2 protein chains.
Amino acid sequence: MPRTADHDQRRRQIADAVCTLISGHGLDAVTVARTAATAGMSVGLVQHYFRSKDEMLLHAFQEVTARIRARAEDRIRAGIEHRQPISWVLAGALAEFVPLDERRRTEFRVTTAFAGRALDAPALAEVDVATARRLREDIARAVHNGKECGEVDPGLDPWPAAVRLAAVTEGLAMQVHRDPAGMNGVPAAELTASIIRAELAVVFTGECRQYAGMSGS
Amino acid sequence: MPRTADHDQRRRQIADAVCTLISGHGLDAVTVARTAATAGMSVGLVQHYFRSKDEMLLHAFQEVTARIRARAEDRIRAGIEHRQPISWVLAGALAEFVPLDERRRTEFRVTTAFAGRALDAPALAEVDVATARRLREDIARAVHNGKECGEVDPGLDPWPAAVRLAAVTEGLAMQVHRDPAGMNGVPAAELTASIIRAELAVVFTGECRQYAGMSGS
DNA sequence: CGGATAACCATATGGCCATACGGTTTTTAC
DNA sequence: GTAAAAACCGTATGGCCATATGGTTATCCG
């Protein structure tokens, strides 16, 4: 009987506006009024879809992390279809987190801003922790699968390796964020590629003798 | 002729209050009034020492980064005096940045909060960038000195190695921050030590045949 | 002693923001 | 066609905050 609208689409629209504002002027510049204006709607409508500002921010955070994760998974799926070695696929997926172009830069700014606020906002912190854990699990699974393909030494424990790879990726993202032009004459993209490659070479020591696979437990 | 007070001490006192507030309740909880109360003084006095809130925050950020750096340098100096291998000394210095105890946890929270705000505060960003650059320079110098001691292959370029070591350290700090208890049954301290050790082993491949030294260009 | 100067204080002010609230419009079911 | 429910709007309100301002107090020099 009632008038109807696409709830999820509206909420995504608002989340987009939040991200635009954060990326452009920082998390402190995000007010409900400004978000509504950016999204092209009224303050009241934003309130209609989110009980409070905190709820709105939480949803935006979940939205952006989900989007990044989806991109990484797409890359992995594509790599598998093209029968690339796992280490290649993983290198590409990890590079998704390093702010090397405008899109990734925007995402990095948004997630970093949220991570900063997560320091004293348990709901945001939970998203942050869960996201990081999932990434580690994905990496560990890739390493595990690498064993079956002969790319990884069967005796290697995937977990410390996953923590390590997640750490370099995240740290590298910070470095590139601070010096987008690169360091000591080396462009950021090359630096990133070489460091990730080197780091993966420590784990993926064997040749690939099967096609790549990332799925399965 | 005038009444006199220790300017720098007062400013440090205020910076301490800011850090206490950030660590306890986040950067958003830092107001001039609350800072004054925490520092045990009036709002007017804080204004007397800082023209604006931004100036106050900037000084607090500089203060805390300087303090952390001083601690790392102390560690290095002590290591040199005890004739430890450079890789040992460096391992200890890098571990200073990982939030493994309450003091480091507090510092990590404060610097991370500032790093988040630095996304749209050029003055803070400058401090952040400069701090990171200095750390890389210190690491690169250590690697360079490692060559003269025979711990490092003379053909190795210290710069990518320094970026890489800085990246793992920073990334590891994030991981430990999110999972202070450790991951997959491995305590955070052990995980940290083993990863830093492994990472350093890639660079410091030789035996130490001289006493350690970190100074010099 | 006196006055200049810095240290220090309490309050006023003006702006911004999250949220509350009362309303109008549109759709659909019957 | 009408009633109900949701979509949507604009404004009011109350709180909080940075900063401005007009003071008082202590110290020291001459």
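First the proteins, then the strands, lettered A, B, ... as listed; each starts at 1. Remember, it's a predicted structure, so these values are computed and weren't measured experimentally. All values below were derived from every heavy atom in this structure, side-chain atoms included, with hydrogens, water molecules and symmetry-related copies excluded.
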Axial bend angle, the helix from C:dC1-D:dG30 to C:dC30-D:dG1: five-pair end segments, nearest 10°: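 So the angle between the two local helix axes works out to 0°.
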Side chain to side chain donor-acceptor pair (under 3.5 Å) evaluation trace for B:Gln13 with B:Arg10: CA-CA 5 Å; B:Gln13 191 179 345; B:Arg10 278 306 205 196; 2.9 Å; yes
Considering all heavy atoms, the nearest B:Pro158-B:Ala140 contact: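 Looking at all heavy atoms of both residues, the shortest contact is CB-O, 3.8 Å.
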Least distance between heavy atoms, A:Phe61 atom then A:Leu124 atom: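 In this case the closest contact between A:Phe61 and A:Leu124 is CE2-O, 3.4 Å.
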Near-strand residues of residues 46-54 of chain A, defined as heavy-atom separation under 4.0 angstrom from DNA chain C: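 Those residues whose heavy atoms fall under 4.0 Å from DNA chain C, taken from residues 46-54 of chain A in numerical order, are A:Gln47, A:Ser52, A:Lys53.
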DNA chain C contacts made by residues 8-44 of chain A, counting heavy atoms under 4.0 Å: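 Of all residues in residues 8-44 of chain A, the ones placing a heavy atom under 4.0 Å from DNA chain C are A:Val30, A:Thr31, A:Val32, A:Arg34, A:Val43.
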Sequence neighbours left out, cut at 3.5 Å: what donor-acceptor pairs do the side chains of residues 14-33 of chain B make with other protein atoms?
unit_1  : atom_1 : unit_2   : atom_2 : d
B:Asp16 : OD1    : B:Arg67  : NH1    : 3.2
B:Asp16 : OD1    : B:Arg67  : NH2    : 3.2
B:Thr20 : OG1    : B:Asp16  : O      : 2.9
B:Asp28 : OD1    : B:Arg117 : NH2    : 3.4
B:Asp28 : OD2    : A:Arg117 : NE     : 3.3
B:Asp28 : OD2    : A:Arg117 : NH2    : 3.1
B:Thr31 : OG1    : B:Arg34  : N      : 3.0

Rounded distance in Å - CG (B:Leu45) to C1' (D:dA26):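 To the nearest whole Å, that distance equals 14 Å.
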Protein-nucleotide distance (B:Leu57, atom CG; D:dT19, atom C1'), rounded to Å: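 Checked: the CG to C1' distance equals 15 Å.
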Among B:Asn145, B:Ile80, B:Leu200, side chain to side chain contact (heavy atoms under 4.5 Å, CB included) partner for B:Ile86: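 With B:Ile86 as partner, side chain to side chain contact (heavy atoms under 4.5 Å, CB included) holds for just one option, B:Asn145.
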Neighbour count >12 (heavy atoms, 6.0 Å) for atom CD, B:Glu126: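 For B:Glu126, atom CD is not crowded (no more than 12 foreign heavy atoms under 6.0 Å).
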Note: A:Arg69-A:Glu73 ion pair, threshold 4.0 Å (strictly below):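 Salt bridge flag = yes for A:Glu73 with A:Arg69.
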Under 3.5 Å donor-acceptor pair, A:Arg3 side-chain atoms to D:dA6 base atoms: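 Side chain to base: no pair present.
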Contacts of type side-chain hydrogen bond (donor to acceptor under 3.5 Å, both in side chains), residue A:Glu190, not counting sequence neighbours: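 Listed in chain order: nothing, the list is empty.
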Review item, side-chain donor-acceptor pairs of residues 163-177 of chain A, under 3.5 Å, at least two apart:
unit_1   : atom_1 : unit_2   : atom_2 : d
A:Arg164 : NE     : A:Glu199 : OE2    : 2.9
A:Arg164 : NE     : B:Glu199 : OE1    : 2.9
A:Arg164 : NH2    : A:Glu199 : OE2    : 3.2
A:Arg164 : NH2    : B:Glu199 : OE1    : 3.4
A:Thr169 : OG1    : A:Leu165 : O      : 2.8
A:Glu170 : OE1    : B:Gln175 : NE2    : 2.8
A:Glu170 : OE1    : B:Arg178 : NH2    : 2.6
A:Glu170 : OE2    : B:Arg178 : NH1    : 3.2
A:Glu170 : OE2    : B:Arg178 : NH2    : 2.8
A:Gln175 : OE1    : B:Arg136 : NH1    : 3.1
A:Gln175 : NE2    : B:Glu170 : OE1    : 2.8

Trace of the salt bridge (charged side-chain N to carboxylate O under 4.0 Å, His left out) decision for A:Glu137 with A:Arg134: CA-CA 5 Å; A:Glu137 285 170 355; A:Arg134 272 200 291 263; over 6 Å; no
